[in-house]
2 protein chains.
Amino acid sequence: MELTSRQREIFDYIKGFIKERGYPPSVREVGEHFHIYPRAAFDHLRALEKKGYLKRRGSMSRGLEILVFQEVESHGPYRRAGLDEEHLRREGRPWVREIPVVGRVEAGKPTLAVEHVEGTIPLPIEWVKGKEVFLLKVKGESMSPFILPGDYVLVRSQSSAENGDVVVTLVGEEATVKRFYKKGGKIELKPENERWETIQIEEGSREVQILGKVIGVFRKC
Amino acid sequence: MELTSRQREIFDYIKGFIKERGYPPSVREVGEHFHIYPRAAFDHLRALEKKGYLKRRGSMSRGLEILVFQEVESHGPYRRAGLDEEHLRREGRPWVREIPVVGRVEAGKPTLAVEHVEGTIPLPIEWVKGKEVFLLKVKGESMSPFILPGDYVLVRSQSSAENGDVVVTLVGEEATVKRFYKKGGKIELKPENERWETIQIEEGSREVQILGKVIGVFRKC
DNA sequence: AAGTATACTATACATTTGTTTAGTTGTCAA
DNA sequence: TTGACAACTAAACAAATGTATAGTATACTT
């Protein structure tokens, strides 16, 4: 759902407030900033919550949480994540970039619907090269021991790949990490672990969709 | 200034609360957790503030900020890296911590002489747990494919380890990554890759020195 | 022996803050 | 024209929360 211009103003103010001060504003602080009554501010917060931009922690003081971190109008009507330039300019120099951690990955062109962003993790920009990048927590053992369950893979969104690339693909409902090979008209998706099966598909098939290339692996032992 | 054991308990509770929930507890929540009256909790908060462990944002609801993230009794005259508190307080909340990348690792107690630090890389604090932490670029294939050459391993400095830990050890002049096993009085350092040899030493031997435990792996593909 | 710090009880006060009731005004679509 | 929504005023309510008053008990320090 789209925001009205007033709601946008208020949402941006809250985002800025939290970023600057580290904690959310109270209802009255929002009101005072826009010279409106607490009730008016309150209505806006409720509207923002209804539209899924904010979460309110019950009726707790300063209990606001931002749910939509980054909106980027790139290609098409879908908002894409991983491009927030504000974060790049922290303290003058771009050291880190907030990378969204994607919970659920769904089919369709617009890979990173905002609703699926579970949070963000700052990573040094040296590690993150590419426009549209996201993190995915690995579940299966298909790439073990190269990539282990619980690892985070850093993925650059792209719909094609080159021989030998490690890619994230969407097979049915599940996102899996596999190594990509193309021979003639056939595409092979090989796991590192022999107990998993190799997936073979025709080029151009729609059963399997390439979501992106793995450009990094992060493991917490 | 040192904390009393009770103050330590309360401080740790607040740290944990913030870490879990993302916002600080109220005075009463602290009190309820320890089954004491609000006033007693309040006194503790004031004591913690006086000792420089907390900051209270005026009289604001849930206005607590942790100031001391990690306490280090620095042993010796060496400046140690990875503890920069300014970076911990970026934008109010500790998102990243600058971790030193160690080029050369040398024997001797003070592991991280400043001269060997090649630079720093910011990492999210969720990944970095421990007082003295550094990054090391892996050269050999001894832990392949679990850890590959070119990977950065995140190491927590410690001179002992537990069975099954992946550790960084100093054998002669070279730092190597191995898996640690102790059986009876003998220590085994096993590579993941069978083509490398297992190192066996007597406990207490000075040929091999444990530098730290690997708590993370970072791979740029 | 007096003073100071810690750790606490019990109650009360005051502020901050979220929320409600009750209304007004303007816009835009059915 | 009616209805829904956005955006607001004005005042009040009530819950959460920080803080003060007043006091007890214990340990340690000078």
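Note on naming: letters A, B, ... go to the chains in the order of the sequence lines (proteins, then strands), and numbering restarts at 1 for each one. It should be emphasised that the depicted structure is a prediction, and the values quoted were computed from it without experimental measurement.
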Checklist outcome for this item: Rounded to whole Å, CG of A/Leu64 lies from P of C/dT16 at a distance of 18 Å
Checklist entry - To the nearest angstrom, how far is A/Leu45 atom CG from D/dC8 atom C1'? => result 14 Å
Checklist entry - Between D/dA6, C/dG18, C/dT17, which one does the side chain of A/Val27 approach most closely? => result C/dG18
Item to check | side-chain N/O B/His44 vs C/dA7 OP1/OP2, d < 4.0 Å | outcome: yes
Next on the checklist: Can you identify which nucleotide, out of C/dT9, D/dT9, D/dT17, has its nearest atom closest to the B/Arg28 side chain?
Outcome noted: D/dT17
Checklist entry - Within the structure, does a side-chain N or O atom of B/His35 lie under 4.0 Å from either OP1 or OP2 of C/dT9? => result no
Checklist entry - Of the candidate nucleotides C/dA7, D/dG18, C/dT17, which contains the atom at the shortest distance from the side chain of A/Arg62? => result C/dT17
Checklist entry - For B/Leu48 and D/dG18, what is the distance between atoms CG and P respectively, to the nearest whole Å? => result 15 Å
Item to check | Under 4.0 angstrom between B/Arg56 side-chain N/O and D/dG18 OP1 or OP2 | outcome: no
Checklist entry - Counting any heavy atom closer than 4.0 Å, what does B/Gly58 reach on the DNA or RNA strands: base, sugar-phosphate only, or nothing? => result sugar-phosphate
Item to check | Interatomic distance, A/Leu3 CG vs D/dA7 C1' [rounded to whole Å] | outcome: 15 Å
Next on the checklist: Between A/Arg46 and C/dT20, is there a contact of a side-chain N or O with OP1 or OP2 at under 4.0 Å?
Outcome noted: yes
Checklist entry - When you check the phosphate oxygens OP1 and OP2 of D/dA10, does a side-chain N or O of A/Tyr37 lie under 4.0 Å from one of them? => result yes
Checklist entry - Relative to the 5' end of DNA chain C, which residue comes earlier, A/Ser26 or B/Thr4, by the nucleotide with the nearest heavy atom? => result B/Thr4
Next on the checklist: Among C/dT17, C/dT11, D/dC8, which nucleotide has an atom closest to any side-chain atom of A/Ile36?
Outcome noted: D/dC8
Item to check | Residues, nucleotides or ligands: over 12 heavy atoms within 6.0 Å of B/Lys186 NZ | outcome: no
Item to check | Rounded interatomic separation in angstrom, taking CZ from A/Phe42 and C1' from D/dT9 | outcome: 16 Å
Checklist entry - Between B/Thr169 and B/Gln209, is any pair of side-chain heavy atoms under 4.5 Å apart? => result no
Checklist entry - Between atom CZ in B/Phe34 and atom P in C/dC8, what is the gap in whole Å? => result 9 Å
Next on the checklist: If you only use heavy atoms from C-beta on, which nucleotide in D/dT19, D/dT21, C/dT19 is closest to the side chain of A/Pro38?
Outcome noted: C/dT19
Next on the checklist: What I want to find out is whether B/Arg62 reaches B/Glu29 closely enough, with some N-O distance under 4.0 Å, to be called a salt bridge.
Outcome noted: yes
Checklist outcome for this item: When rounded to whole Å, the CZ to P distance for the pair B/Phe17 and D/dT17 reads 9 Å
Next on the checklist: Please report the distance, rounded to the nearest Å, between CD in A/Glu32 and C1' in D/dC8.
Outcome noted: 16 Å
Item to check | Neighbour count above 12 (heavy atom, 6.0 Å) for B/Lys182 NZ | outcome: no
Checklist entry - If you round to the nearest 0.5 Å, how far is NZ of B/Lys51 from CD of B/Glu49? => result 13.5 Å
Item to check | Nearest-neighbour nucleotide for the B/Asp43 side chain, D/dG18, D/dA10, C/dC8 considered | outcome: C/dC8
Checklist entry - Quick one: which of D/dA20, D/dT19, D/dA10 gets closest to the side chain of A/Arg39? => result D/dA10
Item to check | pair A/Phe34-A/Arg6: side-chain heavy atoms closer than 4.5 Å | outcome: yes
Checklist entry - If only side-chain N and O atoms of B/Arg6 are considered, is one of them under 4.0 Å from the OP1 or OP2 phosphate oxygen of C/dC8? => result yes
